[in-house]
Amino acid sequence: MNIWDRENECMPRSRLAALQLERLRHTVRYVYEKVPYYKEAFDKIGFRPQHLQKIEDLANLPFLTKDDLRDYYPFGLFAAPRREIVRLHASSGTTGRPVVVGYTRRDMENWTELTARMVTLAGVTSEDTAQIAFNYGLFTGGFGLHYGLERVGAAVIPASGGNTARQLMLIRDFAATVLIATPGYALYLGEEAEKQGIDPAHWQLRLGLFGSEPWSEEMRTEIEKRLRITATDNYGLTEMMGPGVSGECHCRAGMHIAEDHFIVETIDPETGSVLPPGEEGELVFTSLTKEAFPVIRFRTKDISRLYPEPCACGRTTARMRRISGRTDDMLIIRGVNVFPSQIESVLINSEGIAPYYRIDVHRRGALDELEISVELASSDLLEPYFQLEELSAAIQRNIYATLALNAKIRLVQPGSLERTTGKAQRVFDHRRRG
Ligand code: DLL
């Protein structure tokens, strides 16, 4: 088994903790000196960098939120001067200003190392040909993975996002062995291949590295079946650098976090208090080595849980469970907390429907209404009415069994729900204003 950086990925946890503390103390001093936002925030609570004596002291520091980042658009939180910045990226953001992040030369070097580590975790080697179907641009996915894959020695196909017919052609003609995409787009590629009568069994493709949006275990099985590959999960976010923050190894028992570069806490999203390891909560990240855009206690809104115990692969870095949803994706419907991923799991397990759906929530009078649009797998089913009735009743029963909620099920024609090449939007909450 290939480990990219044995020294840093397999060190005893006591040594890792010492390294984290040393780097954290440096980072706290660094931001206090270089970024007025942090100086002000620390001064407000009477905190001085020398007060940080142990890692747990981090819990005394204030959180950084996405709104804070937007307030300092574009460069207000940068710690390095312009002449040291060699790259800028930004997260698109669905509303308002994007979040802009910068990288020094050393940040770029670390990012490359961490994405190289992450693709090695998933099983990529210099023998592979890797097709990147993420957008190359301000989004971190394309460029981020590009450099890591190159460092590992894989042959990179920078296909970028979109143009599905060309993606399929490249996979076949350039004999790609690894596909890098969002899980939703990977599924769509499988669907298109089938439509065009292409059998992925004739491809060389063996491995997928998917991330950037939430997906379920059931979705993984579906992608593996359609594309005839092993599908792995990896996680990252622009604020922390992009992809390369964590990824699955061949054990596929959670994503290994690059803990020598980041400290992750899980907090109760309601109260903000730190939870013991193993409990589900919102992930909060602190960077330990970043120069241009260091970040202390960034609230991700992503829900997961940490596993600090060593993995069967030999790495000692803690793992995080797949993201079950985001705090801002969680719907409260008639008092019941609903994550779209729970609905996805039910749908993908149902026979006769395709793994595409759309969730709409309306308020009718005082009552919330949950409507789920689901695509039929094939148009053959459009014929017998009683079969459709039965199918939607079965889905409704299964949703009820999982969520204790009655949902209205709308069966729609194959191919009628929107496909995206990037991150998918599947939830539309019409109760929200603005
Ligand atoms: O999506 C970085 C990335 C690119 C990760 C390519 C992996 C692969 P942002 O656009 O800033 O950055 O979006 C970050 O996407 O807070 C999560 O909500 C979500 N996300 C990212 N990876 C996963 C994943 C990139 N594996 C936001 N599972 C994060 C679930 C994910 N959600």
Side-chain angles (χ1 to χ4, degrees), residues 64-66 69-70 88-95 97-101 103 111 114-115 117-119 121-122 124 130-149 158 160-161 178-186 208-217 219-220 223 231-248 252 254-258 262 264 266 269 282-285 287 293 295 298-305 319-330 339-341 344 420-427:
L64 180 71
T65 65
K66 201 130 185 153
L69 299 184
R70 293 215 169 93
L88 295 164
H89 278 285
S91 75
S92 47
T94 43
T95 51
R97 301 161 168 178
V99 170
V100 184
V101 296
Y103 306 72
W111 192 17
L114 291 190
T115 44
R117 199 191 273 190
M118 197 272 287
V119 301
L121 269 158
V124 180
Q131 181 158 327
I132 302 184
F134 278 135
N135 274 328
Y136 279 65
L138 287 174
F139 174 58
T140 53
F143 279 106
L145 280 144
H146 183 104
Y147 285 84
L149 285 160
S160 196
V178 178
L179 176 67
I180 318 275
T182 57
Y185 191 50
L209 273 67
F210 304 127
S212 188
E213 66 180 10
W215 53 315
S216 59
E217 211 44 50
M219 175 94 139
R220 177 185 343 238
I223 293 173
T232 62
D233 193 5
N234 70 87
Y235 169 89
L237 58 168
T238 313
E239 292 82 356
M240 301 318 296
M241 73 181 185
V245 172
S246 68
E248 282 180 324
R252 301 203 294 179
M255 296 181 272
H256 285 275
I257 303 162
F262 306 105
V264 193
T266 26
E282 178 182 345
L283 299 180
V284 171
F285 275 86
S287 71
F293 193 80
V295 174
F298 177 65
R299 285 190 68 155
T300 62
K301 298 191 173 175
D302 293 324
I303 303 290
S304 178
R305 100 175 12 150
R319 286 159 290 147
M320 53 185 262
R321 194 201 54 198
R322 74 164 56 251
I323 304 287
S324 54
R326 290 175 53 81
T327 51
D328 51 2
D329 272 356
M330 191 185 79
F339 279 113
S341 59
E344 178 176 304
T420 48
T421 58
K423 295 183 199 247
Q425 192 191 352
R426 301 196 178 91
V427 181

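Because the structure is a prediction, the values reported are computed rather than measured. Order of listing sets the numbers, starting from 1, for every ligand and every atom in it.
Put simply, OH on Tyr103 and CG on Leu88 are 9.0 Å apart, with the number rounded to the nearest 0.5 Å. Separating the OG atom in Ser304 from the CZ atom in Arg319 is a distance of 11.5 Å, to the nearest 0.5 Å. Within the model, atoms CG of Asp233 and CZ of Arg321 stand 11.5 Å from one another, a figure rounded to the nearest 0.5 Å. Interatomic distance, Ile323 CD1 to Ile303 CD1, rounded to the nearest 0.5 Å: 8.5 Å.
Residue Asp302 touches ligand 1 through its side chain alone, judged by heavy-atom distances below 4.0 Å. Neither the backbone nor the side chain of Lys301 has any atom closer than 4.0 Å to an atom of ligand 1 (non-hydrogen atoms only).
The nearest heavy-atom contact from the protein to atom 28 (N) of ligand 1 is Glu213 O, 3.3 Å. Considering only non-hydrogen protein atoms, atom 8 (C) of ligand 1 sits nearest to Asn234 OD1, 3.5 Å. From the protein, the heavy atom lying nearest to atom 10 (O) of ligand 1 is Lys423 NZ, 3.0 Å. Atom 11 (O) of ligand 1 has its closest protein heavy atom at Thr238 OG1, 2.5 Å. Given atom 25 (C) of ligand 1, the protein heavy atom at minimum distance is Gly236 O, 3.6 Å.
Taking the side chain as every heavy atom from C-beta outward, Arg322 and Trp215 approach each other to under 4.5 Å.
For ligand 1 and Phe134, the ligand atoms under 4.0 Å from any heavy atom of the residue are 6 (C), 8 (C). Atoms of ligand 1 found under 4.0 Å from any heavy atom of Gly141, numbered from 1 in the order shown, are 4 (C), 6 (C). Applying the 4.0 Å criterion to heavy atoms of Thr140 picks out, from ligand 1, the atoms 2 (C). Of all the atoms in ligand 1, the ones that sit under 4.0 Å from a non-hydrogen atom of Asp233 are 24 (C), 26 (N).
For the side chain to side chain donor-acceptor pair (under 3.5 Å) test with Glu282, the passing option among Arg326, Lys301, Arg299 is Arg299; the others fail. The ring pair (Phe, Tyr, Trp, His ring centres under 6.0 Å) with His146 is formed by just one residue from the set Phe134, Trp111, Tyr136, Phe139; it is Tyr136.
Under the rule for a ring-ring contact (aromatic ring centres under 6.0 Å, His included), Tyr185 has no partner lying at least two apart in sequence or in another chain. With sequence neighbours excluded, the residues satisfying salt bridge (Lys or Arg N to Asp or Glu O under 4.0 Å) with Arg220 are Glu217, Glu248.
Looking at Ala90, Ser212, Pro183, it is Ser212 that brings a heavy atom closest to atom 20 (N) of ligand 1.
Close N/O approach between Arg326 and ligand 1 is found [any backbone or side-chain N/O within under 3.5 Å].
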